[in-house]
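Keep in mind the model is a prediction, meaning the values are calculated, not measured. In what follows, every chain begins at residue 1, and chains take the letters A, B, ... in the order their sequences are listed.
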Protein chains: 2
Amino acid sequence: MVTLKDIAEKAGVSSMTVSRVMNGKTGTVSQQTSERIKKIAQEMGYVPNSSARALASRSSRLIAALLQEYDEERNPLEDSYTSCFLGELALQIKKEGYDLMLHYVKDYSEITYSLKSWNVAGAVFIGMFDESIRKLQEDNHIPLIFTDSYSSVRSITNVGIDDYRGGELAAEYFLKNGHRNVAFYGPEALDNGVVMHRLRGFVSVLRKAGISLPQENFINLGVKDLGGELVRLCSGENPVTGIFTTADNCAYQVYSEAYRKGLRIPGDLSVIGFDDLSMSELVTPPLTTVRQDIKKKALVTCELLMKNINTADRPAENIVLNVSLSERKSVQKL
Amino acid sequence: MVTLKDIAEKAGVSSMTVSRVMNGKTGTVSQQTSERIKKIAQEMGYVPNSSARALASRSSRLIAALLQEYDEERNPLEDSYTSCFLGELALQIKKEGYDLMLHYVKDYSEITYSLKSWNVAGAVFIGMFDESIRKLQEDNHIPLIFTDSYSSVRSITNVGIDDYRGGELAAEYFLKNGHRNVAFYGPEALDNGVVMHRLRGFVSVLRKAGISLPQENFINLGVKDLGGELVRLCSGENPVTGIFTTADNCAYQVYSEAYRKGLRIPGDLSVIGFDDLSMSELVTPPLTTVRQDIKKKALVTCELLMKNINTADRPAENIVLNVSLSERKSVQKL
DNA sequence: TTGTAAGCGTTATCAA
DNA sequence: TTGATAACGCTTACAA
């Protein structure tokens with residue numbers, strides 16, 4: 001391993017001088033020696049030791065990305081939204097010259113542990129961490145950026161999207177296409193801010209049009225027999241004609257079950273998703289869905305993170321990105 | 001920040017004693033003091049400083065996952081195979097008590113840099129790194145696990161699958177179902193061992209059955225008008241009836257373009273994919289595909305990594321996992 | 001069973 | 001513009 005000292009000896013200077021050069025502290029070292037040292041470092045294949053750096057400077061160029069680990073059987077990155085966001089984030093963070101650590105967390109204690117143990121410069125939370133936010137902020141005095149949080153904690157730096165508006169867009173589009181009896185498919189909304197807001201926006205527009213969403217038109221994510229539920233919805237004297245899902249992933253399930261039951265999309269059932277994952281363009285029929293710009297979200301997240309790392313005491317900031325409707329082929333005009 | 005010294009002072013012992021307790025060096029510290037120290041550490045919220053550890057011990061409990069970064073516009077984790085594998089790997093690595101660092105790499109120098117700078121204990125390469133393997137091994141004397149490599153370097157630790165057999169399975173299934181004129185869709189095979197082996201296996205079975213794959217039945221991944229190509233294949237006097245794609249992702253594209261062109265799957269064109277991503281069960285019709293067990297692959301990778309970390313000088317080992325055919329609905333019996 | 005001392009590679013601080 | 005020195009928090013090696 002090549003150290004500053006090795007280079008210093010070869011160059012006939014002190015290791016401090018080398019350190020200064022390696023850190024680009026221009027103006028403090030003469031052009032000449034600077035050039036010379038750079039050349040020697042290059043030749044010797046010098047790689048700075050980040051651990052030593054972190055130890056001495058009490059900070060590291062390291063960002064932690066924290067993902068919720070539900071249970072050990074479930075792979076968090078199998079969710080395309082999550083992996084897409086993480087992938088974009090990693091790209092941005094690399095551009096900023098930081099390294100990225102990936103952490104799955106199950107309970108609160110793991111989070112603080114991992115952040116502290118590596119002296120990370122900042123952290124990005126992907127998924128639901130609402131309950132622990134207050135404590136996290138108290139225990140970790142580094143920039144923490146949350147995403148899609150609807151925590152009641154007010155002083156929180158968050159990047160989210162206009163979920164409510166997304167729900168409205170879906171409902172408006174259904175109405176515009178003549179649908180009057182629609183359904184919703186997603187996880188229990190009560191404990192999930194994202195889902196709840198999407199649902200509320202959806203319902204609010206319907207209500208204004210004099211349409212209510214009866215209990216039996218909610219299908220819960222955990223349902224055993226999704227196909228059966230779809231068939232039930234689409235039959236009877238007042239059949240459902242459209243279903244809004246809280247995520248594209250859910251829409252794909254609907255597609256699959258509808259196919260198995262012989263329900264045509266959009267002929268028998270129209271579908272609107274949420275996210276606009278790349279797969280949504282590819283499914284048959286292409287999915288009409290509420291689009292969020294995941295790439296931009298990652299970019300904004302990273303920008304915010306860097307700002308917070310570089311300037312102390314920035315005020316909490318909650319950024320809400322726009323959504324739009326990607327109109328494709330999964331909704332029928334009635 | 002709570003340090004060993006802080007605990008030591010409170011407990012009235014030296015920091016070495018605390019260090020021993022924190023590292024579980026049982027037998028070297030009396031039960032009594034051990035218990036007492038543990039309690040104090042707990043109370044004070046002690047978190048070991050990994051940087052200091054890494055520096056002092058010249059090793060870290062850190063694994064690097066390296067992903068190929070093709071260009072800055074392309075998100076490596078948008079590929080479901082990659083994100084799925086990474087996700088499973090992260091799960092396993094966490095179970096082993098290691099932390100995971102995610103690195104995108106464009107060229108060789110970045111790799112060694114990131115490995116050395118953090119003193120990582122081992123690294124997993126996801127994607128094509130064939131050209132740099134030799135140099136990587138020379139420069140980094142830590143366990144390096146490659147995946148899906150067909151490098152000509154013989155002493156390499158690799159976890160892959162039987163790509164050739166996968167190609168055979170696809171061809172056999174086509175033949176069994178009466179298909180005699182088939183096509184292939186994927187990237188240029190020449191520089192990609194994985195694709196090449198899948199293709200070779202495919203072709204070999206066809207050849208044994210007296211069937212050849214003419215040049216015009218190869219569709220290149222980068223083609224501008226995939227839909228047009230499909231239409232071309234499926235028309236004429238001797239139309240293609242089945243297409244084998246080198247990855248499920250490619251099959252999804254075929255689905256999409258076929259749909260746009262009014263080609264029915266499997267009515268007009270049968271499709272066989274490769275990977276068996278979770279989406280393949282959900283598409284319409286469900287995709288018949290060569291299955292690889294990504295979870296197992298990640299598990300084996302992690303096991304191999306740990307073995308290599310814990311015991312020096314293990315011989316190179318190339319593990320080849322089985323593939324199988326997931327028979328679904330995208331191939332028609334002729 | 002416990003402690004002392006040195007050192008890991010770097011940066012911060014002060015002095016020259 | 002440069003250098004000496006003392007940390008940073010921990011582990012290794014050895015001594016008691």
Candidate nucleotides [options], ranked by approach to the side chain of [X] - the nearest:
| X | options | value |
| --- | --- | --- |
| Val13(A) | dG3(D), dG7(C), dG9(C) | dG3(D) |
| Thr3(B) | dT2(D), dG9(C), dC10(D) | dC10(D) |
| Val29(A) | dG9(C), dT10(C), dT2(D) | dT2(D) |

Is the phosphate of [N] approached by [X] (side-chain N or O, under 4.0 Å from OP1 or OP2)?
| X | N | value |
| --- | --- | --- |
| Ser14(B) | dG3(C) | yes |
| Thr17(A) | dT1(D) | no |
| Ser15(B) | dG3(C) | no |
| Ser30(A) | dT1(D) | no |

(message) If we check side chain to side chain contact (heavy atoms under 4.5 Å, CB included) with Tyr46(B), which of these qualifies: Asp6(B), Val18(B), Ile40(B), Leu4(B)?
(response) Leu4(B)

(request) Over all heavy atoms of both residues, which pair between Gly160(B) and Asp148(B) is shortest? Give the atoms and the distance, please. (result)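 So the minimum-distance heavy-atom pair works out to CA-OD1, 3.8 Å.
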
(request) Grab the two heavy atoms, one from Leu115(A) and one from Ala123(A), that are nearest each other, plus how far apart they are. (result) CD2-CB, 3.8 Å

Would you mind reading off the distance between [X] atom [atom1] and [N] atom [atom2], rounded to a whole angstrom?
| X | N | atom1 | atom2 | result |
| --- | --- | --- | --- | --- |
| Lys25(B) | dT12(D) | NZ | C1' | 10 Å |
| Asn23(A) | dA12(C) | CG | C1' | 12 Å |
| Met22(B) | dG9(D) | CE | C1' | 14 Å |
| Lys116(A) | dG9(D) | NZ | C1' | 15 Å |
| Asn49(A) | dC8(D) | CG | P | 18 Å |
| Leu55(B) | dG7(C) | CG | P | 14 Å |
| Met16(B) | dA16(D) | CE | P | 17 Å |
| Arg53(B) | dT12(D) | CZ | C1' | 14 Å |

(message) Taking the nucleotide of DNA chain D with the nearest heavy atom to each, does Ser57(A) or Ser34(A) sit closer to the 5' end?
(response)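 The residue mapped nearer the 5' terminus is Ser34(A).
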
(request) Evaluate the ring planes of Phe125(B) and Phe129(B), with Trp represented by its six-membered ring, and classify them as parallel (under 30°), tilted (30 to 60°) or perpendicular (over 60°). (result) perpendicular

(message) What's Thr33(B) touching, base or sugar-phosphate or nothing? Going by heavy atoms closer than 4.0 Å.
(response) sugar-phosphate

(request) Enter the distance from Tyr81(B):OH to Asp275(B):CG here, rounded to the nearest 0.5 Å. (result)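 It is 7.5 Å, given to the nearest 0.5 Å.
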
(request) Kindly say whether, by distance alone, the side chain of Arg20(B) makes a donor-acceptor pair under 3.5 Å with the base of dG3(C)? (result) yes

